[in-house]
Every structure is written in C-alpha cells, then in structure tokens.
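Shown next, in structure tokens, is the structure this report addresses.
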Amino acid sequence: MKLAIFPGSFDPFHEGHDFVVQKGLEDFDLIYIVISWNENKERFFSYLKSKKIIKRKYKKNKKIKVLINKHQLTVNIARKLNCFNIIRGYRNEEDLKYEQKLKSQYLMLEPKINFILYKSNIDLSSTTIKNMV
C-alpha cells in the first residue's frame, strides 16, 4: 500500500489544499492529512474544528485519514506511521522556493523522505479566505 502524509496548518482548508489531496489520490492508496501546529500563525479555527471540517469533506473517502499534530516533527510522525512520502502543493515561484527549503530540512532529519510537489493553478491562500469570512 502506498501511503502519503500531507502536512499543513489547513486554517482554513481550501481549494488549493483539496487540489493537492486530489492529485495525491491519483498516486497514493492512503493519505494522512496532518493538521500541524505553526507557532508563526494565529489560528482562525481550532485544531478540532479544522479536523471536523476536513473529515466532513472526505467522509465518504476511505483513502483519507485526518490527524492533529500539535508538538511533533512531521518526520517523527512519518516514522511512527512508516510513511515517508510527503505531499505538498505550490502556486508560484515563491512557494516553490519555500517548499525546496522545507524539503531540505525534512531530508536532513530523515533521509528516507520522498518529497512530492504538485503545481496548482489555484491561486488561493488561507489569508484570502480568512479575509472573505
């Protein structure tokens, strides 16, 4: 079974995130959506509310599991789940540079990591969505 982890703050979960999930479902048998704590972001929704929203969106899809991660490194979760494929998305060159730095950090901590990036045409950010609410 091919497994993947999709980590992020997902606050709120939006079309760009769903794009990554849909692309990931083409390549993987099971995706763990891991709602991660980010000390640099003030949350719009609580972790539990975000988890509830994402689970509701994919309630009929047995290929998706939603987890909350408040204090662990993603690589430690990968080790616990024996799942070393990390999927992420990017919209533009700025995002790509950020994701490349993130990939380097993951690989320094866990050489088994396979970092998969999906290029999205959706130019929608969590900040944009928060401003719309």
Side-chain angles (χ1 to χ4, degrees):
M1 180 180 265
K2 288 181 67 176
L3 310 174
I5 295 172
F6 181 24
S9 57
F10 306 116
D11 187 39
F13 192 86
H14 56 67
E15 288 180 46
H17 297 133
D18 182 57
F19 172 85
V20 174
V21 171
Q22 297 309 318
K23 295 303 276 183
L25 288 171
E26 294 173 12
D27 298 326
F28 296 96
D29 300 314
L30 180 66
I31 296 174
Y32 293 98
I33 298 175
V34 180
I35 304 167
S36 297
W37 176 70
N38 183 336
E39 66 184 32
N40 298 319
K41 292 184 179 180
E42 187 175 323
R43 291 200 63 86
F44 190 70
F45 293 122
S46 71
Y47 292 99
L48 292 174
K49 177 74 172 172
S50 292
K51 182 178 181 180
K52 184 177 178 181
I53 290 167
I54 297 168
K55 283 184 82 165
R56 188 175 337 135
K57 179 167 185 61
Y58 299 111
K59 67 182 173 194
K60 293 182 181 178
N61 193 326
K62 303 283 188 218
K63 295 173 72 173
I64 296 172
K65 299 205 182 288
V66 184
L67 309 173
I68 294 175
N69 171 29
K70 286 189 182 177
H71 303 293
Q72 295 183 65
L73 294 173
T74 300
V75 294
N76 290 338
I77 292 172
R79 290 178 187 126
K80 284 181 184 177
L81 296 172
N82 196 29
C83 173
F84 297 97
N85 297 305
I86 295 180
I87 61 174
R88 302 273 299 175
Y90 72 100
R91 298 162 294 199
N92 52 42
E93 290 299 314
E94 185 178 327
D95 284 356
L96 183 58
K97 287 177 186 175
Y98 172 80
E99 295 299 335
Q100 288 170 334
K101 286 180 189 175
L102 194 56
K103 175 184 177 179
S104 296
Q105 293 170 346
Y106 280 131
L107 289 171
M108 282 190 324
L109 296 169
E110 178 52 72
K112 291 181 186 177
I113 292 294
N114 182 29
F115 201 80
I116 299 103
L117 289 175
Y118 298 110
K119 170 77 169 95
S120 173
N121 293 334
I122 301 167
D123 194 16
L124 191 62
S125 71
S126 297
T127 305
T128 302
I129 291 173
K130 286 178 189 174
N131 290 335
M132 293 167 55
V133 174

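The figures that follow rest on heavy atoms only: side chains count, while hydrogens, waters and symmetry mates do not.
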Looking at Glu94 and Lys97, does any basic side-chain N land under 4.0 Å from a carboxylate oxygen? no
Does the pair Phe13 and Val21 meet the rule for a side-chain contact (heavy atoms from CB on, under 4.5 Å), with working shown? CA-CA 11 Å; Phe13 192 86; Val21 171; 4.1 Å; yes
Any chance you could measure Ile53, atom CD1, to Arg56, atom CZ, to the nearest 0.5 Å? 6.5 Å
Mind running side-chain contact (heavy atoms from CB on, under 4.5 Å) on Phe6 and His17 for me, showing each step along the way? CA-CA 9 Å; Phe6 181 24; His17 297 133; 4.2 Å; yes
Among Ile5, Thr74, Asn85, Leu107, which one satisfies side-chain contact (heavy atoms from CB on, under 4.5 Å) with Ile113? Leu107
Rounding to 0.5 Å, atoms CZ (Arg79) and CG (Asn82) come to a distance of 11.5 Å
Give, for atom CG of Leu25 and atom CG of Leu30, the distance between the pair rounded to the nearest 0.5 Å. 9.5 Å
Locate the shortest heavy-atom distance separating Gly24 from Ile87; write the atom from each residue and the value. CA-CD1, 4.2 Å
Could you tell me whether Lys65 sits above the aromatic face of Tyr32, with NZ or CZ closer than 6.0 angstrom to the six-membered ring centre and within 45 degrees of the axis? no
Minimum heavy-atom separation for Ser50 to Asp11, with atom names? OG-OD1, 4.0 Å
Can you confirm whether Cys83 sits close enough to Phe28 that some side-chain heavy atom of one is under 4.5 Å from a side-chain heavy atom of the other? no
What's the verdict on side-chain contact (heavy atoms from CB on, under 4.5 Å) for Gln22 and Tyr118, showing C-alpha distance, side-chain angles and the deciding distance? CA-CA 10 Å; Gln22 297 309 318; Tyr118 298 110; over 6 Å; no
Heavy-atom nearest pair, Ile35 first then Ile54, reads CD1-CD1, 3.9 Å
Trace of the side-chain contact (heavy atoms from CB on, under 4.5 Å) decision for Arg88 with Tyr98: CA-CA 11 Å; Arg88 302 273 299 175; Tyr98 172 80; 3.8 Å; yes
Is the backbone N or O of Trp37 less than 3.5 Å from a side-chain atom of Arg43, with the two atoms forming a donor-acceptor pair by type? no
Counting only N and O atoms by type, is there a donor-acceptor contact under 3.5 Å from the side chain of Asn76 to the main-chain atoms of Gln72? no
Tell me whether Asn114 contacts the main-chain N or O of Phe84 through its side chain, where contact means a donor paired with an acceptor under 3.5 Å. no
So for atom NZ, which belongs to Lys119, do other residues, nucleotides or ligands contribute more than 12 heavy atoms lying within a distance under 6.0 Å? yes
